[in-house]
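Step one of this worksheet: look at the structure below.
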Amino acid sequence: MAIQGLAPAASADRPRFARSVRLLRCSPDRGTVVDTTAAARPLAEDEPRLLALRAGDEKAFLELVRELHPSMLRIASLFVSSRAVAEEVVQEAWLGVLKGLAAFEGRSSLRRWIFGILTNCAKTRAVREARSVPFSELLPEGEDEPAVDPSRFLPGDHPRWPGHWSAPPVAWAEEKLIQRESLEVVQRAIEQLPRGQREVIVLRDVEGWGSDEVCESLGLTEVNQRVLLHRARSKVRAALEVHFQGGGGR
Amino acid sequence: MIAYKFLARGSVGPFSKRQWKAGEWVEAARPGEGWGIHACRSQDLSWWIDAELWRVELDGAVGERATQIEARRGRLLDRIDQWNDEARAAFGLDCVFQARDLSVSALRTLGHAGIAGRLAEATTLPQLLEIARSLQAPSGFAGEMFGYAHDAAAAYTARSNAAEASFIASVATAAARGDPSGFDEERRRESRWIAEHVGIEPR
Amino acid sequence: MTARAPAQMTCRELVRVVTEYFEGTISLEDRTRLEHHLVFCDWCVDYLQQMRDTLRVTGKLREEDVPPEVEGELLRAFRDWKRGPP
């Protein structure tokens with residue numbers, strides 16, 4: 001996923017989904033995310049693949065697995081307690097996909113349908129583990145730390161430049177950004193985020209889901225999703241800043 | 001409609017990062033107000049300065065806002081060569097000394113003739129910075145007005161950022177007038193400076 | 001006491017609205033104020049670039065490989081499904 005310059009990401013042509021937190025049994029028929037605006041035929045881009053899968057084409061199936069499995073694992077891990085449980089959840093989801101494949105009408109994209117099954121499996125499992133997150137925990141807490149330490153700005157009573165940088169940021173070198181270590185810093189920073197922030201940043205910025213999809217899946221309003229995303233991104237930026245410059249940080 | 005547009009070095013849109021090419025029509029990226037092709041009238045120039053200044057043609061209905069105009073389609077016509085690094089540097093210096101002059105005027109009014117006189121002696125940037133550094137800032141509002149001259153000289157010496165000097169002069173003008181409208185008043189003055197300097201008819 | 005035009009965005013405010021700006025949900029008025037600010041404030045330009053850099057690195061966090069034993073299990077499940085109900 002790439003942010004093109006400063007132009008805002010074009011709002012994807014994603015159908016609007018009803019927002020609700022639905023903890024359904026992990027089964028394709030109740031787990032399908034329904035798009036009432038799309039046609040009843042499978043999406044054009046999914047047709048060849050669907051045909052191949054339904055015909056038992058193993059190569060097509062393995063391609064699908066290779067494409068989606070890593071993301072499914074990462075997303076399942078957001079909801080359940082351990083990697084091992086996440087792996088089980090993903091296995092269950094694939095079985096659910098196979099069960100529902102013949103009857104899949106294509107009212108959403110194949111990918112979105114599969115992720116819908118996955119998130120339902122994950123949430124179901126989380127409930128069984130008594131680890132379901134109270135809805136309120138996903139919402140941004142009232143007061144979170146500001147994106148940048150307030151001491152890095154001139155105070156409100158500065159006579160000429162209140163609110164301007166007093167300890168400004170320093171541009172990062174491209175060579176350092178592309179190093180393996182930067183990935184690790186970001187990974188660690190994401191792992192340390194509060195749950196709601198972690199879920200949003202993983203789905204939006206790692207998995208590349210659109211804002212609508214994330215809101216629907218996590219049961220968030222646009223505003224709440226944006227606040228969580230803002231806090232998460234700010235913390236990850238701060239972690240990279242500490243890594244590149246040492247000390248200071250947020 | 002003919003108007004003006006600043007672009008970053010390499011004819012790149014400063015916010016859209018779009019690569020512009022002279023003569024090629026460009027369409028708005030998305031519908032809705034605010035997402036069209038932006039350009040300056042001559043009074044808007046100082047708000048948007050950047051490396052390159054171009055004459056542009058806008059097509060269709062043109063929306064006018066406080067500091068810019070917008071259309072659904074536009075193209076670069078020709079580059080205004082008189083706006084170059086030297087012109088930009090001269091503009092920056094003009095803004096620094098505008099801040100200095102405001103400061104001098106305010107300090108005299110507030111009874112700090114000595115400090116005012118010292119600041120007024122400077123004829124170059126290094127002189128201004130040296131003099132400002134050597135003086136003890138007065139307290140209160142006089143200190144604030146002194147600060148703008150000092151800040152302008154220090155900032156422009158450190159970063160050679162003409163837009164920053166423009167901002168400082170504009171804030172200083174609002175402070176001197178005791179009214180936010182002073183900010184816009186200084187911006188318009190600066191836009192006239194730019195227009196005259198590069199041979200654009202001021203509106 | 002200053003009479004600075006209250007319309008001017010500060011660096012502190014910019015840092016707060018940066019996500020709205022990237023998302024495109026910021027009001028036109030605030031977006032214009034933000035752009036005005038970026039014209040002269042190189043530090044905020046750097047901050048925005050850091051946010052973009054952060055997004056770029058985050059977007060690369062993808063483990064790409066499926067362990068062979070996992071592929072094997074899923075392939076077995078696919079073959080079972082192919083055979084159909086007994």
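- P70(A) has its side chain within reach of V66(C): a pair of non-hydrogen atoms, C-beta onward, lies under 4.5 Å apart.
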Could you please spell out the steps behind the side-chain contact (heavy atoms from CB on, under 4.5 Å) verdict for K60(C) and I178(A)?
CA-CA 10 Å; K60(C) 288 204 222 147; I178(A) 59 180; 4.3 Å; yes

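- Within the model, atoms CD of Q50(C) and CG of L177(A) stand 9.0 Å from one another, a figure rounded to the nearest 0.5 Å.
- Contacts with chain C were tallied for G56(A), A239(A), A189(A); G56(A) has the most, counting heavy-atom pairs under 4.5 Å.
- At a threshold of 4.5 Å between non-hydrogen side-chain atoms, the residues F78(C) and V65(A) do not count as touching.
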side-chain contact (heavy atoms from CB on, under 4.5 Å) evaluation trace for L74(C) with F61(A):
CA-CA 9 Å; L74(C) 289 175; F61(A) 179 67; 4.0 Å; yes

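- Ring-plane geometry between F40(C) and H164(A) is classed as parallel, the angle between the planes falling under 30 degrees on a 0 to 90 degree scale with a further cut at 60.
- Side-chain contact between L55(C) and R233(A) is present, with heavy atoms from C-beta onward closer than 4.5 Å.
- Atom-to-atom distance recorded for T19(C):OG1 and R204(A):CZ is 9.5 Å, nearest 0.5 angstrom.
- Within a 6.0 Å sphere centred on CD of E184(A), other residues, nucleotides and ligands contribute more than 12 heavy atoms.
- Residue Q187(A) forms a side-chain contact (heavy atoms from CB on, under 4.5 Å) with just one option from T58(C), V57(C), L61(C), and that option is L61(C).
- Aromatic rings of W165(A) and Y47(C) (six-membered ring for Trp) have centroids within the 6.0 Å cut-off, being under it.
- Atoms CZ and NE2, on R16(C) and H230(A) in that order, are 8.5 Å from each other to the nearest 0.5 Å.
- Heavy-atom distances place the backbone of V170(A), and not its side chain, under 4.5 Å from chain C.
- Contact check for E71(C) versus H69(A): no side-chain heavy atoms found under the 4.5 Å cut-off.
- The main-chain N or O of E73(C) is never found under 3.5 Å from a side-chain atom of Q91(A) such that the two would form a donor-acceptor pair.
- Neither the backbone nor the side chain of E87(A) has a heavy atom closer than 4.5 Å to any heavy atom of chain C.
- For Q49(C), no part lies near chain A; criterion is any non-hydrogen pair under 4.5 Å.
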Hey, mind stepping through V70(C) and W94(A) against side-chain contact (heavy atoms from CB on, under 4.5 Å) and telling me if it holds?
CA-CA 11 Å; V70(C) 172; W94(A) 280 117; over 6 Å; no

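- Ranked by non-hydrogen atom pairs under 4.5 Å with chain A, the options C11(C), C41(C), A77(C), C44(C) are led by C11(C).
- Between atom NZ of residue K235(A) and atom OG1 of residue T54(C) there is a gap of 14.0 Å, rounded to the nearest 0.5 Å.
- In this structure, chain C has a heavy atom under 4.5 Å from the side chain of L62(A), while its backbone stays farther away.
- Taking every heavy atom of both residues into account, P162(A) and R12(C) meet most closely at C-NH2, 4.4 Å.
- Looking at E20(C), the atoms closer than 4.5 Å to chain A (heavy atoms on both sides) sit in the backbone and in the side chain alike.
- In this structure, L101(A) and W81(C) have side chains that are in contact, with non-hydrogen atoms separated by less than 4.5 Å.
- With a 4.5 angstrom heavy-atom cutoff, I190(A) touches chain C only via side-chain atoms.
- Within the 4.5 Å cutoff, side-chain heavy atoms of L229(A) are placed close to those of E23(C).
- Contact annotation: the side chain of T10(C) never approaches that of W161(A) to less than 4.5 Å [non-hydrogen atoms, C-beta and beyond].
- Interface remark: L95(A) contributes side-chain atoms only to the contact with chain C (heavy atom separation under 4.5 Å).
- The contact between L98(A) and chain C is made by backbone and side chain atoms together, counting heavy-atom distances below 4.5 Å.
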